[in-house]
Visitor: 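Here's a structure for you.
Convention: sequence-line order gives letters A, B, ...; per-chain numbering from 1. These numbers come from the heavy atoms of this one structure, side chains and all, not from hydrogens, waters or symmetry mates.
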Protein chains: 2
Amino acid sequence: MQVMRQMIFPTSNQITLTGVLYAFSDPTRLEIVRQLATEGEKACCEFGFKISKSTLSHHFKVLRDTGVVYTRTEGTQSVNSIRREELEDRFPGLLDTILKAATIS
Amino acid sequence: MQVMRQMIFPTSNQITLTGVLYAFSDPTRLEIVRQLATEGEKACCEFGFKISKSTLSHHFKVLRDTGVVYTRTEGTQSVNSIRREELEDRFPGLLDTILKAATIS
DNA sequence: TCTATTATTCGATTATCATCGAACAATAGA
DNA sequence: TCTATTGTTCGATGATAATCGAATAATAGA
């Protein structure tokens with residue numbers, strides 16, 4: 001029987017630099033975080049990607065596992081937000097610098 | 001007949017953010033750039049890694065192809081340096097922020 | 001010309017990753 | 001209870017990537 005496992009989020013000091021950079025190195029994931037940064041928290045279905053929902057779910061799992069994104073359940077929706085405090089605490093300035101760079105290209 | 005191909009380096013505007021982040025997402029490559037940043041330009045053989053030289057050569061190729069590192073030939077050695085100007089021109093503050101974060105963990 | 005040094009290239013292998021469709025889980029609402 | 005919605009999980013597949021040993025290339029120096 002398949003079980004909906006509970007989501008696990010790394011603590012601030014469990015977040016690794018290479019992990020965060022890997023999370024951001026995929027164009028889809030970078031765009032997800034960019035939208036979360038500019039438009040605030042959003043459900044998975046509100047991003048307007050053309051990829052399948054299983055692929056999208058995979059990308060959100062990577063973002064959660066690397067400590068970039070927090071997901072809370074609200075009804076049938078999964079509402080995502082950037083873990084700004086933890087990221088800033090762990091690697092000061094990194095998120096903003098990457099987000100700024102993302103608007104350049 | 002195998003030919004030693006000429007190295008090709010991307011111009012500043014050919015450098016992509018996801019490419020740079022991918023280059024930095026590997027621990028070996030991150031350490032290479034960290035050493036280049038703190039100790040200046042170095043030949044491939046001077047980094048003290050325990051991996052094979054073909055693997056190390058592969059990592060340097062990735063760093064070149066993504067625009068992070070410049071390699072010049074000096075005798076039988078390949079001397080590497082960070083492309084600071086191009087990176088700063090393309091994505092201001094990115095390199096320093098990542099390097100600073102690399103010293104934290 | 002021969003040898004040592006340094007690094008790249010090739011070919012192969014193993015591992016990881018992105019992607020998808022189908023099935024399942026959890027919730028909301030009729 | 002039934003159905004729709006939303007997202008996760010599973011299993012599979014094709015594409016990338018990391019790694020290595022061996023062969024090759026380029027140069028320096030004896």
Visitor: Separation of A/R72 atom CZ from C/dT27 atom C1', in whole Å?
Guide: 15 Å
Visitor: Measuring from the side chain of B/Y22 (C-beta onward, heavy atoms only), which nucleotide among D/dG7, C/dA28, D/dA17 has the closest atom?
Guide: D/dA17
Visitor: Provide, to the nearest angstrom, the distance between the CG atom belonging to A/D26 and the P atom belonging to C/dT16.
Guide: 18 Å
Visitor: Do you see a donor-acceptor pair shorter than 3.5 Å between the side chains of A/S12 and A/R90?
Guide: no
Visitor: Rounded to whole angstrom units, what separation is found between the CD1 atom of A/I8 and the C1' atom of D/dT9?
Guide: 15 Å
Visitor: For the residue pair B/E31 and B/T28, confirm or rule out a side-chain donor-acceptor distance under 3.5 Å.
Guide: no
Visitor: Can you check whether B/S54's main-chain N or O pairs, donor with acceptor, with B/S57's side chain at less than 3.5 Å?
Guide: no
Visitor: Looking at A/Y70, is A/R84 sitting on its ring face, NZ or CZ under 6.0 Å from the six-membered ring centre and within 45 degrees of the normal?
Guide: no
Visitor: CD of A/E74 versus C1' of C/dA26: gap in Å, rounded?
Guide: 14 Å
Visitor: How long is the gap from CZ on B/F60 to NZ on B/K53, to the nearest 0.5 Å?
Guide: 14.0 Å
Visitor: Without decimals, in angstroms, what is the distance between B/Q6 CD and D/dA26 P?
Guide: 12 Å
Visitor: When hydrophobic residues are tied together by side-chain contacts of less than 4.5 Å, even through go-betweens, does A/F47 share a cluster with A/V79?
Guide: no
Visitor: If you check the A/Q77 side chain, which of C/dT8, C/dA18, D/dT6 turns out closest?
Guide: D/dT6
Visitor: Among the nucleotides C/dA28, C/dA18, D/dT8, which one has an atom lying closest to any side-chain atom of A/C44?
Guide: D/dT8
Visitor: Does anything in residues 47-66 of chain B come within less than 4.0 Å of DNA chain C? Heavy atoms only, and list the residues if so.
Guide: B/K53, B/S54, B/S57, B/R64
